[in-house]
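The structure appears below as structure tokens.
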Amino acid sequence: MGKKFYITTPIYYINAEPHIGHAYTTVIADIFARWHRLKGEDVFFLTGLDENSVKTVQAAKAHGFSDPQAYADWMAEKWISVWKTLNISYDDFIRTTQERHKQNVRALFTRLRERGELYKGTYRGLYCEGCEAYLSEEELVDGKCPLHKTPPRKVEEENFFFRLSKYQDALLEHIKKNPDFIQPESRRNEIVSFIQQGLKDVSITRHGAQWGIEVPGEPDQRIWVWFDALINYLLPRDYWPADIHLIAKDILRFHCVIWPAMLMAAGYELPKCIFAHGFMTVNGQKISKSLGNTINPVYLAQKYSTDVLRYFFAREISFGQDGDFSEENLCKRLNDELADILGNFVHRVLTFIKNYFDGRVPEGEVDEEFWSQVVSKIDKIDELMERVAITQAVMEILMLAKIGNEYFQKHSPWETVKSDQKRAAMCLYNAVNLVKSLCILITPFMPSTGKELANQLNYEVTSLDQARQPDLKPGHAIGQPKPLFSKVKAVKKENSRISLEEFKKLDLRVARVVSAERISGTTRLLKLEIDLGDESRTLVAGIGDQYSPEDLVGKNIVVVANLKPAKIRGVVSDGMLLAAEDEKGKIAVLVSDKEVKPGSKVK
Ligand code: ME8
């Protein structure tokens, strides 16, 4: 086994099922885990659930469970089943209600207590159950948590405190000495300025709580859920320290301040890197249950395929930045990139070999110039993956498929196969070896597609290093070529709802068509004179290929009367006719079904 690589995701709360935000982190972590396995490393990939939160108790109640543990078990199955659908290859799945985790938490608590890192004190403060954290007066907006919009609970109780303040300088020193510790840089800067403002000791137990891990020897105290949850990462002790804790920016402070301080206090090594990616929005809005815009990742995986969704996650949002999810863009990436670039290259090479070389890799030599270009791209992709620059890595993989397409185009084997067999063979020999390299490179991103392509190549993927070798030898029989991706009709962006006030801004009116004529030189454009009751107007409508002028005269149509005029083919259109258009492009003009006075308002 090569060097060890230990990667984690946050352990998620179980008050709801996973949405695409959770799926995003988990899929990206999975891609890295698979990538490092392909490099022959000894990988451990940990994910799981954070079950000891008050949210669990509340959600259990809301779902009619009297026992929070029964609810947790029920939810855990749902999460695990989603990860199965998304082909997540975790090595262990931790649930914080498991005894093995509770033992670890108690052991760390005791260790810190023995080392003098904990003390008892009275806590007076404001606690937000949504955040599972204390808030300061200054953080509140109108007396409420700015994130959860609920007033925090006033708490005064005797608790255990952790001496976080003691680690202020040590943390700053560590961050300074290890530039990779917190990434991206903007997050590092955020944490540095937060620590520089001064750290206070934190209360790490709750008095009288009913749910959560009991404090050893203190039956009326339970451990604060964040102190408990972070310790999950110590589960595979042989793999500690973690190489990457993958999180989003919402939980940065817990991971970059409290967690490393806990580890320092315990005398343990710190994780090598905490990488906080951005937040995903849906059509520009925060993902939230109350907005009703949570998207179920399973729905997308079933509609488009798990691999398309996985590819989209890695490709669409520049890793580390915030980004928007839209199904429309997913379709675009599937059509324009996976089908048109990657799928197209692979398929044309394999079908060519099938049709002209009897399904066998032709006799050819390595085209040194071409192959060195391929190898240097693979080196670059590997380097980008090492730097956690996953979006750029995917773009380079796509670029490699483009290079393949250009190579194929340049050598035009469909011509040379008749005139210069040798040249055609040379092109296909090199091209099919690039297909094989791509097969290896895409496997961590799209495991099923990688497998399917490996079948078509009649090849077994075993390591990343293979991608650099043109090891598909002349005579090797390939399997049956089949397109890897099928294109979809792009879905239109879902319209976000508008308010009544917004709707009222439209001045919709019934208008009688007085006359109509075709605008000369066009087939689509009709010029209409309309009667709006107290005025007449001219407007241009693009319906001329399905309506003749005579069809429209005398009709009571519906128009947008307060649209800014626009000049179309030299005619000023003062208003817009409303018409429906179906998927096949069939147009139907909206008319009023009874005679009403021209100019009547439509509302
Ligand atoms: O915070 N965009 O759990 P959680 C991107 N239990 N990522 C998102 C996202 C979005 N819109 N929404 C959620 C907790 N995530 C604690 C963690 S760890 C010791 C304890 C992802 O269920 C992202 O990874 O609220 C974020 O950090 C995490 O889910 C928060 O999950």
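For ligands, and for the atoms within them, numbers begin at 1 and follow the listed sequence. Counting begins at 1 with the first residue of the sequence. Worth knowing before you read on, the calculation uses all heavy atoms, side chains too, and leaves out hydrogens, waters and symmetry mates.
- In this structure, ligand 1 sits under 4.0 Å from heavy atoms belonging to P10, I11, Y12, Y13, H19, G21, H22, T25, D50, W226, A229, L230, N232, Y233, A248, D250, I251, H255, H277, G278, F279, M280, I287.
- E156 pairs by the side-chain contact (heavy atoms from CB on, under 4.5 Å) definition with T122, R124, not counting sequence neighbours.
- The pair R387-E383 counts as a salt bridge, with a side-chain nitrogen and a carboxylate oxygen less than 4.0 angstrom apart.
- Side-chain contact of N329 with E316: a donor-acceptor pair under 3.5 Å is present, judged by distance alone.
- Counting all heavy atoms, side chain and backbone alike, M385 lies closest to I390 at SD-CG1, 4.0 Å.
- Separation of the Y12 and W79 ring centroids falls under the 6.0 Å cut-off.
- Listed for the D180 side chain is no donor-acceptor partner under 3.5 Å among the backbone atoms of K272.
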